[in-house]
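One-based numbering along the sequence shown.
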Amino acid sequence: MPYALRRVGVVALVLALVLSGGVGAVSTGVLDAEITGPSVAKEDVRDDFDRSVIASDSPTKASDLGTWVWAEESPAINAEVGAPVFDDQAKDFRQYTVRVTEERVERFGPTSEALGETSVTLEELGSKTVTIDLDDDAFSRTEDTVQIALENPDERIEVASQSVFVGLYPDGGAELWNGRVVEMQVLWQAGDLDSDGLKNSQEIDGPTHFMHADGDGDDLEDGAELTRFGTEPLLSDTDGDNVSDPQEIRHGTDPRRVDTDGDGLSDDRELSDLPTDPTRADTDEDGIDDAQELEMGTDPTDSDTDGDGLSDGQELRLGTDPTAVDTDRDGLPDTWEIERYGTDPANPDTNGDGVEDGESVGVPPADESAAMQRSEDPSPVGTESETASGTDEIEGESTAVITPITAPLESGVFAPFAAIAGALGLRRLIDWVTYP
């Protein structure tokens with residue numbers, strides 16, 4: 001087939017494709033351009049997270065944002081370029097220059113500056129992808145910023161915004177054929193865009209978001225959660241005990257443990273329902289864990305539940321009842337039996353003689369309240385001093401006994417002495433009457 005006919009056939013095919021809507025197959029110029037290499041911090045906006053971070057009424061929408069890039073980190077751009085149908089029938093290939101500039105350059109002259117450029121040879125209707133390495137500072141030459149409103153928390157941040165122009169210049173010439181703009185947002189690896197105490201580089205590669213200081217909305221910033229408290233920055237209640245992380249930190253409990261003090265009672269229960277201390281397994285320090293005291297019926301906040309002078313821990317070791325002043329109900333408080341009489345507070349008849357311990361020492365069986373009243377008086381009842389002073393012990397109560405003056409006379413003990421005293425008194429009365 002003559003070359004001219006073949007040429008006409010190619011042109012006809014191109015026209016047919018254009019008319020049929022198959023423009024993509026014969027697109028020419030800069031077909032695509034994207035940032036590549038280590039300079040890419042984050043390729044695009046993730047629908048599952050970024051769009052929930054950026055507020056719906058933000059002046060800069062998520063859809064407006066370009067690729068997130070690191071400043072001064074080996075910047076490069078991949079550009080796909082395609083050639084048209086050549087006018088010169090004698091040439092099957094043509095030379096092109098791909099240039100990246102800060103702004104669109106219609107004519108590239110001797111004084112024009114490019115951030116980077118490369119040459120490419122294309123055949124008629126052919127395409128290739130080339131990589132253009134740029135100056136180290138190519139993505140950090142701007143002072144432009146855009147404002148982004150964040151959904152949670154409700155605040156705004158300023159981010160660096162930049163664009164570069166990728167242009168295609170045929171035959172190595174100066175006249176621009178066509179090109180396209182590449183948008184980007186610039187991050188510094190050591191920077192902290194959301195001011196949460198974490199570097200941008202840490203958040204890009206980690207679970208938290210570089211635009212969101214508090215991922216779980218619990219009022220603890222992500223940096224503090226990761227570096228100070230060891231909590232999960234995307235969970236407001238790390239240990240799932242129904243007490244939020246900041247509440248636990250305020251109360252001194254461990255937000256990573258359901259039961260901080262390991263006493264068998266959850267932090268939530270101790271903080272909400274009980275008067276016990278969730279940071280101490282034994283709140284009253286009586287030697288019994290709080291959970292065990294609740295099972296026993298003792299007071300975990302009072303070391304001596306029954307107030308008998310023996311701690312609950314002591315009573316548990318002795319085998320006495322920590323909720324009763326007089327375990328064996330023999331009339332003697334447990335502490336008396338141990339400290340005064342050496343009797344068994346759990347056995348009403350220690351020596352087995354058939355007489356209860358309380359009765360043996362002169363204390364008849366009494367209720368616990370009476371026993372406690374007696375426990376305030378350290379003197380045993382029925383002593384000689386009390387008898388001599390005219391007192392008697394009745395049912396644990398001390399009462400004064402008034403002796404009638406006629407009792408000795410009626411008994412006959414003092415009768416002779418009374419007669420003598422009467423005679424002497426009568427004689428004295430007579431002398432006083434008859435005295436001149």
Trainee: I'd like to check Leu193 versus Val159 (side-chain heavy atoms, cut-off strictly below 4.5 Å). Are they in contact?
Mentor: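 Side chain of Leu193 against side chain of Val159, heavy atoms only: contact under 4.5 Å found.
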Trainee: Which of these passes side-chain contact (heavy atoms from CB on, under 4.5 Å) with Val166: Val98, Thr101, Val81?
Mentor: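 Checked Val98, Thr101, Val81 against Val166; only one passes side-chain contact (heavy atoms from CB on, under 4.5 Å): Val98.
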Trainee: Between Asp321 and Asp306, what is the shortest heavy-atom contact and its length?
Mentor: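 Heavy atoms only, the tightest pair is O-OD2, 3.2 Å.
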Trainee: Would you check if the side chain of Asp334 reaches a backbone N or O of Thr327 as a donor-acceptor pair within less than 3.5 Å?
Mentor: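 Between the backbone of Thr327 and the side chain of Asp334 there is a qualifying donor-acceptor contact (under 3.5 Å).
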Trainee: When you compare the side chains of Thr208 and Glu203, does any donor N or O come within less than 3.5 Å of an acceptor on the partner?
Mentor: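 Their side chains do contain a donor-acceptor pair, which is all the 3.5 Å distance test asks for.
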Trainee: Just so I know, are the side chains of Thr60 and Leu65 near enough to count as touching, which here means a heavy-atom distance under 4.5 Å?
Mentor: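 In short, these two side chains touch, coming nearer than 4.5 Å.
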Trainee: Taking atom types as modelled, find out whether Gln162 and Thr142 have a side-chain donor-acceptor pair closer than 3.5 angstrom.
Mentor: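 Side chains of Gln162 and Thr142: no pair found under 3.5 Å.
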Trainee: Do Asp312 and Thr305 have side-chain atoms, one donor and one acceptor, less than 3.5 Å apart?
Mentor: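 The answer is yes; a qualifying pair exists.
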Trainee: Looking only at heavy atoms, what is the nearest atom pair of Arg256 and Asp239, with distance?
Mentor: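 Closest approach of Arg256 to Asp239, heavy atoms only: C-CB, 3.6 Å.
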Trainee: What closest approach, in Å, do Gln202 and Lys199 show between heavy atoms, and which atom pair accounts for it?
Mentor: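 So the minimum-distance heavy-atom pair works out to OE1-N, 2.8 Å.
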Trainee: Would you indicate whether the side-chain heavy atoms of Glu337 and Asp330 approach each other to under 4.5 Å?
Mentor: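 Asp330 vs Glu337: side chains touch.
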Trainee: Does any donor atom in the side chain of Thr131 or Asn78 lie under 3.5 Å from an acceptor atom in the other side chain?
Mentor: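 Distance-only check passes for Thr131 and Asn78.
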Trainee: Does some side-chain heavy atom of Pro300 sit less than 4.5 Å from a side-chain heavy atom of Leu294?
Mentor: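 Of all side-chain heavy-atom pairs linking Pro300 with Leu294, at least one is under 4.5 Å.
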Trainee: Quick check: does any side chain N or O of Ser236 sit under 3.5 Å from a backbone N or O of Ser244, one acting as donor and the other as acceptor?
Mentor: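 No.
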Trainee: To the closest 0.5 Å, what do you measure between OG1 (Thr129) and CG (Leu31)?
Mentor: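 Atom-to-atom, Thr129:OG1 and Leu31:CG are 8.0 Å apart.
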Trainee: Just so I know, are the side chains of Glu183 and Asp64 near enough to count as touching, which here means a heavy-atom distance under 4.5 Å?
Mentor: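 No, too far: nothing below the 4.5 Å cut-off.
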Trainee: Where the side chain of Asp237 meets the backbone of Gly240, is there a donor-acceptor pair that is under 3.5 Å apart?
Mentor: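 Side chain of Asp237 to backbone of Gly240, a donor-acceptor pair under 3.5 Å: yes, one is there.
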Trainee: Consider only side-chain N and O atoms of Thr260 and Asp267, and report whether a donor and an acceptor are under 3.5 Å apart.
Mentor: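 Side-chain D/A pair, Thr260 to Asp267: present.
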Trainee: Where do Asp216 and Glu225 land on the side-chain contact (heavy atoms from CB on, under 4.5 Å) test, with the steps shown first?
Mentor: CA-CA 10 Å; Asp216 51 18; Glu225 294 215 49; 3.1 Å; yes
Trainee: Going by the angle between their ring planes, with limits at 30° and 60°, are Phe210 and Trp68 parallel, tilted or perpendicular?
Mentor: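 Perpendicular: the ring planes of Phe210 and Trp68 meet at over 60°.
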Trainee: Ignoring hydrogens and geometry beyond distance, is a side-chain donor-acceptor pair present between Asp241 and Ser266 at under 3.5 Å?
Mentor: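 Judged by distance alone, the side chains do not pair up.
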Trainee: Does the Lys128 side chain pair with the main chain of Leu122, one donor and one acceptor, at a distance under 3.5 Å?
Mentor: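 Absent.
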Trainee: Less than 4.5 Å apart, side chain to side chain, heavy atoms only: is that true for Glu293 and Thr283?
Mentor: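 Result no, sub-4.5 Å side-chain heavy-atom pair not found.
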Trainee: State whether the side chain of Asp245 and the backbone N or O of Thr238 hold a donor-acceptor pair below 3.5 Å, judged by distance alone.
Mentor: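 Confirmed, Asp245 side chain pairs with Thr238 backbone.
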Trainee: Hey, could you give me the CD1/CG distance between Ile249 and Asp219, rounded to the nearest 0.5 Å?
Mentor: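 If I round to the nearest 0.5 Å, the distance is 11.0 Å.
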Trainee: For the pair Gln314 and Thr320, evaluate side-chain contact (heavy atoms from CB on, under 4.5 Å) and give the outcome as yes or no after the intermediate values.
Mentor: CA-CA 8 Å; Gln314 285 179 289; Thr320 54; over 6 Å; no
Trainee: Within the 4.5 Å heavy-atom criterion, are Asp304 and Asp308 side-chain neighbours or not?
Mentor: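 Yes, side chains in contact.
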Trainee: For a side-chain contact (heavy atoms from CB on, under 4.5 Å) check, start with the C-alpha distance between Asp328 and Asp326, then their side-chain angles and the critical distance, and finish with the verdict.
Mentor: CA-CA 6 Å; Asp328 55 13; Asp326 181 6; 2.8 Å; yes
Trainee: Between Lys42 and Val69 (side chain of the first, backbone of the second, donor and acceptor by atom type, cut-off under 3.5 Å), is there such a pair?
Mentor: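 Absent.
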Trainee: Locate the shortest heavy-atom distance separating Gly358 from Leu332; write the atom from each residue and the value.
Mentor: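 So the two residues come closest at CA-CG, 3.6 Å.
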Trainee: Where the side chain of Ser112 meets the backbone of Gly109, is there a donor-acceptor pair that is under 3.5 Å apart?
Mentor: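 Present.
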Trainee: When you check the gap from the basic side-chain N to the acidic O, do Asp137 and Arg141 get nearer than 4.0 Å?
Mentor: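 The answer is yes: the pair qualifies as a salt bridge.
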Trainee: Are side-chain heavy atoms of Leu134 and Ile77 found at a separation under 4.5 Å?
Mentor: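 Of all side-chain heavy-atom pairs linking Ile77 with Leu134, at least one is under 4.5 Å.
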Trainee: Before giving the answer on side-chain contact (heavy atoms from CB on, under 4.5 Å), spell out for Asp194 and His209 the whole-Å C-alpha distance, their side-chain angles and the decisive distance to 0.1 Å.
Mentor: CA-CA 9 Å; Asp194 56 9; His209 200 287; 5.8 Å; no
Trainee: Can you name the closest pair of heavy atoms from Gln147 and Ser58 and give their distance?
Mentor: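 Reported closest heavy-atom pair: O-OG, 4.1 Å.
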Trainee: Counting N and O atoms only, with roles assigned by atom type, does the side chain of Ser303 sit under 3.5 Å from a partner on the main chain of Ser311, one being a donor and the other an acceptor?
Mentor: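 It does not hold such a pair.
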Trainee: Would you find a donor on one side and an acceptor on the other, under 3.5 Å apart, between the side chain of Asp289 and the backbone of Ala291?
Mentor: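 No, Asp289 side chain to Ala291 backbone: no donor-acceptor pair under 3.5 Å.
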Trainee: Do you know the tightest heavy-atom contact between Phe139 and Ser39?
Mentor: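 For Phe139 and Ser39, the tightest heavy-atom pair comes out as CE1-OG, 3.9 Å.
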Trainee: So, does Ser161 use its side chain to make a donor-acceptor pair with the main chain of Asp144 at under 3.5 Å?
Mentor: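 Here the side-chain-to-backbone pair does not exist.
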Trainee: So does Arg280 pair up with Glu285, basic N to acidic O under 4.0 Å?
Mentor: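 Yes, this pair counts.
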